[in-house]
Amino acid sequence: QQAFRRVDPPVVVLVDLAALFPREPHRRGGYNPAGLQMHSVVEGRLTYWAICEQGYWWGLVTYDIAHGAQRKPVTHWVPAWVLKRKAAER
């Protein structure tokens with residue numbers, strides 16, 4: 001079985017950042033409007049699937065992280081269970 005599968009054309013997926021980057025429980029923190037927004041669901045572009053040594057699927061996804069009024073793209077491997085294919089708009 002091939003370990004890598006290219007997705008061509010790329011597929012639009014939803015990335016649940018709160019699931020991908022869980023927060024420390026019972027943490028008390030302040031609000032910073034210019035800080036990274038790591039609690040939302042964002043759109044991303046899935047370009048590859050890969051299976052890891054333990055048999056779990058991961059997707060190579062590019063998506064934007066917002067901070068204040070700005071956004072910066074990031075690309076990395078994300079566990080498949082954090083991704084959801086975006087439904088086609090009607």
Side-chain angles (χ1 to χ4, degrees):
Q1 181 177 8
Q2 292 290 329
F4 294 89
R5 294 183 186 171
R6 184 178 179 155
V7 178
D8 190 21
V11 172
V12 177
V13 293
L14 300 175
V15 183
D16 186 340
L17 296 180
L20 182 59
F21 302 108
R23 287 171 278 210
E24 178 183 352
H26 313 294
R27 165 88 164 78
R28 291 189 183 187
Y31 174 72
N32 185 332
L36 296 173
Q37 296 175 20
M38 305 299 281
H39 60 279
S40 59
V41 175
V42 296
E43 281 189 20
R45 290 173 38 92
L46 173 69
T47 55
Y48 272 90
W49 283 114
I51 195 165
C52 72
E53 291 176 325
Q54 292 77 30
Y56 296 100
W57 285 98
W58 293 70
L60 185 61
V61 181
T62 300
Y63 59 92
D64 285 346
I65 295 287
H67 53 97
Q70 299 180 22
R71 298 183 177 284
K72 296 261 194 244
V74 297
T75 302
H76 62 99
W77 293 101
V78 175
W81 59 269
V82 176
L83 302 174
K84 179 179 179 182
R85 188 172 188 146
K86 183 176 179 190
E89 296 181 15
R90 297 179 186 187

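Here the structure is a predicted model, which means the values were calculated and not measured.
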Is there a path of hydrophobic side-chain contacts, each under 4.5 Å between heavy atoms, that joins Tyr56 and Tyr48?
yes

Tightest non-hydrogen contact, residues His67 and Ala34, listed as CB-O, 3.5 Å

Pairs in or reaching into residues 3-21: which pass salt bridge (Lys or Arg N to Asp or Glu O under 4.0 Å), with residues at least two apart or in two chains?
none

For the atom pair CZ (Arg71) and CD (Gln37), what is the distance rounded to the nearest 0.5 Å?
7.0 Å

The remaining residues in the hydrophobic cluster of Leu46, counting side-chain heavy-atom contacts under 4.5 Å among Ile, Leu, Val, Met, Phe, Trp and Tyr, are Val7, Val11, Val13, Val15, Leu17, Leu20, Phe21, Leu36, Met38, Val42, Trp49, Ile51, Trp57, Val61, Tyr63, Ile65, Val74, Val78, Trp81, Val82, Leu83

For Val41, which fellow cluster members are found when Ile, Leu, Val, Met, Phe, Trp and Tyr are connected by side-chain heavy-atom distances below 4.5 angstrom, either directly or through intermediates?
Leu14

Would you indicate whether the side-chain heavy atoms of Cys52 and Trp58 approach each other to under 4.5 Å?
yes

